[in-house]
Asker: 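To start, I am sharing the structure in question, which I have written as structure tokens.
The first residue in the sequence is number 1, and the count goes up from there.
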Amino acid sequence: IHNDFYTARDLLLMSHLQEAVHNMDIATQLLFNRTMAQIGLCAFRKGLIQDAHYCLSELYGSGRIREILAQGVALRYHDRTPEQEKLEKR
């Protein structure tokens with residue numbers, strides 16, 4: 001939240017979302033993972049290296065960082081035709 005790491009971290013912790021996110025739908029899991037990445041980057045920008053490491057190591061620890069952030073991974077339930085995908089890759 002606008003380079004305020006402690007507020008963002010506290011809001012996320014108060015939501016208790018991290019306890020149940022693994023049982024939620026894929027879209028919610030992606031948003032949670034992206035939020036964790038942003039909070040980690042915020043901590044890094046503020047010079048809070050240990051906090052940044054904690055936030056980002058959870059994501060990188062899986063070894064599937066691009067998948068859990070949905071970066072360059074085709075999702076199973078997309079609504080594009082193969083022709084549209086080919087045009088987007090250009």
Asker: Rounded to the nearest 0.5 Å, how far apart are CG of L56 and CE of M36?
Answerer: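 Rounded to the nearest 0.5 Å, the CG-CE separation comes out at 8.0 Å.
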
Asker: Could you tell me the separation between the CD atom of Q18 and the NE2 atom of H16, rounded to the nearest 0.5 Å?
Answerer: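 Taking CD in Q18 and NE2 in H16, the distance rounds to 7.5 Å.
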
Asker: Would you give the length of the straight line joining atom CG of N23 to atom OG1 of T28, rounded to the nearest 0.5 angstrom?
Answerer: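 Interatomic distance, N23 CG to T28 OG1, rounded to 0.5 Å: 11.5 Å.
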
Asker: Hey, are D10 and T7 close enough side-chain-wise for a donor-acceptor pair under 3.5 Å?
Answerer: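 T7 vs D10: no donor-acceptor pair found between side chains.
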
Asker: Evaluate L12 against I39 for side-chain contact (heavy atoms from CB on, under 4.5 Å), listing each step before the verdict.
Answerer: CA-CA 9 Å; L12 187 63; I39 290 174; 3.8 Å; yes

Asker: At their closest point, which heavy atom of H22 faces which heavy atom of Q29, and how far apart are they?
Answerer: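 The answer is O-NE2, 3.3 Å.
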
Asker: Quick check for you: to the nearest 0.5 Å, what is the distance between C55 atom SG and Q38 atom CD?
Answerer: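 Reported to 0.5 Å precision, the distance equals 11.0 Å.
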
Asker: How long is the gap from CZ on F44 to CD1 on I49, to the nearest 0.5 Å?
Answerer: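 Answer rounded to 0.5 Å: 5.0 Å.
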
Asker: Between A52 and G40, what is the shortest heavy-atom contact and its length?
Answerer: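 A52 and G40 have their closest heavy atoms at CB-O, 3.4 Å.
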
Asker: Mark yes or no for whether T35, through its side chain, and L31, through its backbone, hold a donor-acceptor pair below 3.5 Å.
Answerer: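 Yes, T35 side chain to L31 backbone: donor-acceptor pair under 3.5 Å.
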
Asker: Among residues at least two apart in sequence or on other chains, which ones pass side chain to side chain donor-acceptor pair (under 3.5 Å) with Q50?
Answerer: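 For Q50 there are no side chain to side chain donor-acceptor pair (under 3.5 Å) partners, ignoring immediate neighbours.
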
Asker: What's the separation between atom CG in L13 and atom CD in E19, rounded to the nearest 0.5 Å?
Answerer: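 Rounded to the nearest 0.5 Å, the CG-CD separation comes out at 9.0 Å.
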
Asker: Would you mind reporting whether L17 and M24 have side-chain heavy atoms less than 4.5 Å apart?
Answerer: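 Yes - at least one pair of side-chain heavy atoms lies under 4.5 Å apart.
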
Asker: If Ile, Leu, Val, Met, Phe, Trp and Tyr residues are connected whenever their side-chain heavy atoms lie under 4.5 Å apart, and connections chain through other members, are Y54 and L69 in the same group?
Answerer: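 Hydrophobic grouping puts Y54 apart from L69.
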
